[in-house]
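Data first, discussion second: the structure below is written as structure tokens.
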Amino acid sequence: MKAFNVCTAILALVCLHATGTKLVSTTKEEYLKEINKLRRDAAKKYKIPNMYKLFWDYTLAEETLRSNFRGLWATRRKTYRDSDPLTEVRNLDSDLAIDNRAALVEEYKEEEDLHELEVLTPGQQKIGCIEWNKKPYYTYCSLEPDGTGTSWNVSSGEPGSACAQGFENDDGLCSPVFGPEPTAHVTGTKLVLTTKEEYLKDLNEIRRNAAKKYKIPNMYKLFWDYVVAEESLTYAKDGMGKTKRQTLCDSDPFVKIRDLDSDLAIENRTALIKEFNNRLMFEIEVLTHGQQKIGCVPWLQSIKKKDGVSVNFFTYCYLEPEGTAKSWNMSQGEPGSLCGLGFENDNGLCTPARPTPTPEPTTTTPEPTTPKPKIVGAKPTAPPKALRLESDSDSKPAQDSNQPTDGASYGQVGMTLLFLISMMF
């Protein structure tokens, strides 16, 4: 019986250490669901009042794939998971005892990976994992935003009772209070991995409307560029301010940082161009006429305004090829009336011109001619005279029987008659 209880206790611990779902591209939701169950069970067992629900973050997953260690051990932790054979590296009952919490926080400063403790760190809210084939582990994950383990520095309490503002108790986990979806001052579509086309469509509609409202004659249509998106993911700064701009989009709460009616007034254009050289221009960045390429990644960045209000941004974008805003140095005009060579007006936006179809050359097919039959062998000879006459009589109209034929003349007939008469007398 004692052995049975020991095995039961070990199995209970194992259930906290690993998921039953193998992480592959199609199992992220199930994998995340099981990790949150581990967190909820740990919060209840060890009376953790500030255990947050984890959400999948594609940016974290992609940065994990590229070994991008931005913020590691400051605002991020990494861990290897799903070992074979399953082993227990930590003693959770000892590690999570309330009298050991201070020592645990110190250990976070010294150890790069605390194994099963990493996915139980209360303050983590985002996770991104990739498949991993370096034995004995099969999964490699990054978690944010607690890189120091300070969220363990809290007294025991009712699970979900010490959630931060904007979060609520969801059966022991601190979950966001979901209101309306974040509405952008640029698009109504939230950018995720599967919404790039719709997001881009919304951006171009905003550019078209701005071109018409503010009489911008050289507003170009934006096209998605995967290279630019990857550069925004890795913060590549080559060309920034020369052939590239960056911007944060999709704010919550919805705020207008710029006054477009004032900024885009024709008399303020010179000041606008000067301001581009000194700062991020927020919603004006996606309205800069000369930009033709854009690449964005999901993002979470909080910026405090001058009035003290913090604004969360959910999208980070790079735009090319204009880094200096010189395209704003343009007089007003009919939208789409000043497109560059190779572009045409597409309802107010300058779009690459569609190639004019080249007419196919007309070819006259000569009428077929019937070839004359070629005589093979000896040429036919003329029929005998009698046959010719007989043939002629069959083919020509009937003639008077007294009319001489075959070339005999009237004189010859007359002489023959006179000779016969003289012989009679």
Side-chain angles (χ1 to χ4, degrees), residues 59 62-63 66 68 70 184-187 191 196-197 199-208 210-211 214 216-250 257-258 260 263-264 266 268-299 301 303 313-333 335-346 348-353:
T59 300
E62 291 182 11
E63 291 184 352
R66 292 177 174 80
N68 184 327
R70 174 182 58 88
H185 45 257
V186 288
T187 69
L191 177 68
K196 289 190 290 289
E197 291 184 7
Y199 191 81
L200 183 63
K201 180 180 178 183
D202 289 348
L203 280 179
N204 278 315
E205 189 61 26
I206 289 167
R207 288 170 70 85
R208 179 177 282 113
Y214 300 106
I216 301 170
N218 61 331
M219 181 78 79
Y220 285 81
K221 184 177 181 178
L222 286 177
F223 289 87
W224 190 272
D225 191 285
Y226 285 97
V227 174
V228 174
E230 287 189 7
E231 289 178 349
S232 67
L233 180 64
T234 57
Y235 313 106
K237 300 298 183 181
D238 295 344
M240 190 65 68
K242 297 178 181 178
T243 59
K244 181 189 298 180
R245 298 284 299 184
Q246 61 183 335
T247 189
L248 299 171
C249 305
D250 306 328
I257 296 180
R258 308 292 310 194
L260 297 185
D263 287 328
L264 305 188
I266 192 66
N268 292 336
R269 296 286 176 86
T270 302
L272 180 66
I273 294 172
K274 184 177 180 180
E275 193 175 357
F276 260 85
N277 295 326
N278 300 321
R279 58 177 298 182
L280 183 69
M281 300 297 284
F282 292 95
E283 53 262 61
I284 294 183
E285 297 286 358
V286 296
L287 296 179
T288 302
H289 316 177
Q291 305 294 21
Q292 299 176 37
K293 298 189 292 184
I294 188 170
C296 305
V297 293
W299 186 252
Q301 179 74 37
I303 294 181
F313 291 93
F314 295 94
T315 314
Y316 182 47
C317 301
Y318 278 4
L319 299 102
E320 292 183 355
E322 185 170 341
T324 60
K326 62 182 180 181
S327 61
W328 285 107
N329 190 19
M330 178 70 65
S331 301
Q332 291 181 324
S337 61
L338 285 178
C339 300
L341 184 65
F343 292 82
E344 63 184 3
N345 185 359
D346 176 17
L349 292 183
C350 296
T351 304

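In the model, Glu322 has a side-chain atom that pairs as donor or acceptor with a side-chain atom of Ser327 under 3.5 Å.
In terms of heavy-atom proximity, Leu248 sits nearest to Phe282 at O-CD2, 4.3 Å. When every heavy atom of Leu222 is checked against every heavy atom of Leu203, the shortest pair comes out as CD1-CD1, 4.5 Å. Among all heavy-atom pairs drawn from Gly348 and Pro335, the shortest one is CA-CB, 3.7 Å. Across every non-hydrogen atom of Arg207 and Val286, the tightest pair is NH1-O, 2.8 Å. Nearest approach of Val228 to Gly295, heavy atoms of both residues: CG1-N, 3.5 Å. When all heavy atoms of Asp263 and Leu272 are compared, the closest pair comes out as O-CD2, 3.7 Å.
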I'd like to know whether Glu63 forms a side-chain contact (heavy atoms from CB on, under 4.5 Å) with Leu233, so could you lay out the CA-CA distance, the side-chain angles of the two residues, the decisive distance to 0.1 Å, and finally the verdict. CA-CA 8 Å; Glu63 291 184 352; Leu233 180 64; 4.1 Å; yes
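Atom NZ of Lys237 has more than 12 neighbouring heavy atoms from other residues, nucleotides or ligands inside a 6.0 Å radius. Annotation: Asn268, atom CG; neighbour count of heavy atoms from other residues, nucleotides and ligands within 6.0 Å is above 12.
Taking CE from Met330 and CD1 from Ile266, the interatomic distance works out to 9.5 Å, rounded to the nearest 0.5 Å. Going from atom CG of Leu280 over to atom OG1 of Thr247 covers 5.0 Å, rounded to the nearest 0.5 Å. If you take CG on Leu338 and CG on Asn345, they are separated by 10.5 Å, rounding to the nearest 0.5 Å. Rounding to the nearest 0.5 Å gives a distance of 10.0 Å between SG of Cys350 and CD of Glu344. Rounding to the nearest 0.5 angstrom, the gap separating the CG atom in Asn329 from the OG1 atom in Thr270 is 6.5 Å. Atom CG of Leu319 is separated from atom OG1 of Thr288 by 7.5 Å, given to the nearest 0.5 angstrom.
In this pair, Phe343 and Tyr220 present their aromatic rings perpendicular. The plane angle is above 60°, beyond the 30 to 60° band.
Side-chain atoms of Glu275 never come within 3.5 Å of backbone atoms of Ala271 as a donor-acceptor pair (strictly under, hydrogens ignored). Arg245 contributes no side-chain N or O that, together with a main-chain N or O of Gln291, makes up a donor-acceptor pair within less than 3.5 Å. Thr315 places no side-chain N or O within donor-acceptor distance of the main-chain N or O of Pro298, the cut-off being under 3.5 Å.
Inter-residue side-chain proximity for Tyr214 and Leu287 is flagged as unmet; no heavy-atom pair is nearer than 4.5 Å. Put simply, the side chain of Gln292 reaches to within 4.5 Å of the side chain of Pro321, judged on heavy atoms.
Between Tyr316 and Tyr318, the ring center distance clears the sub-6.0 Å criterion.
Here the options are Asn204, Asp225, Leu200, the test is side-chain contact (heavy atoms from CB on, under 4.5 Å), and the partner is Ile294; only Leu200 passes.
Contact check on Arg208 versus Asp346 returns a salt bridge, with a Lys/Arg side-chain nitrogen under 4.0 Å from an Asp/Glu carboxylate oxygen.
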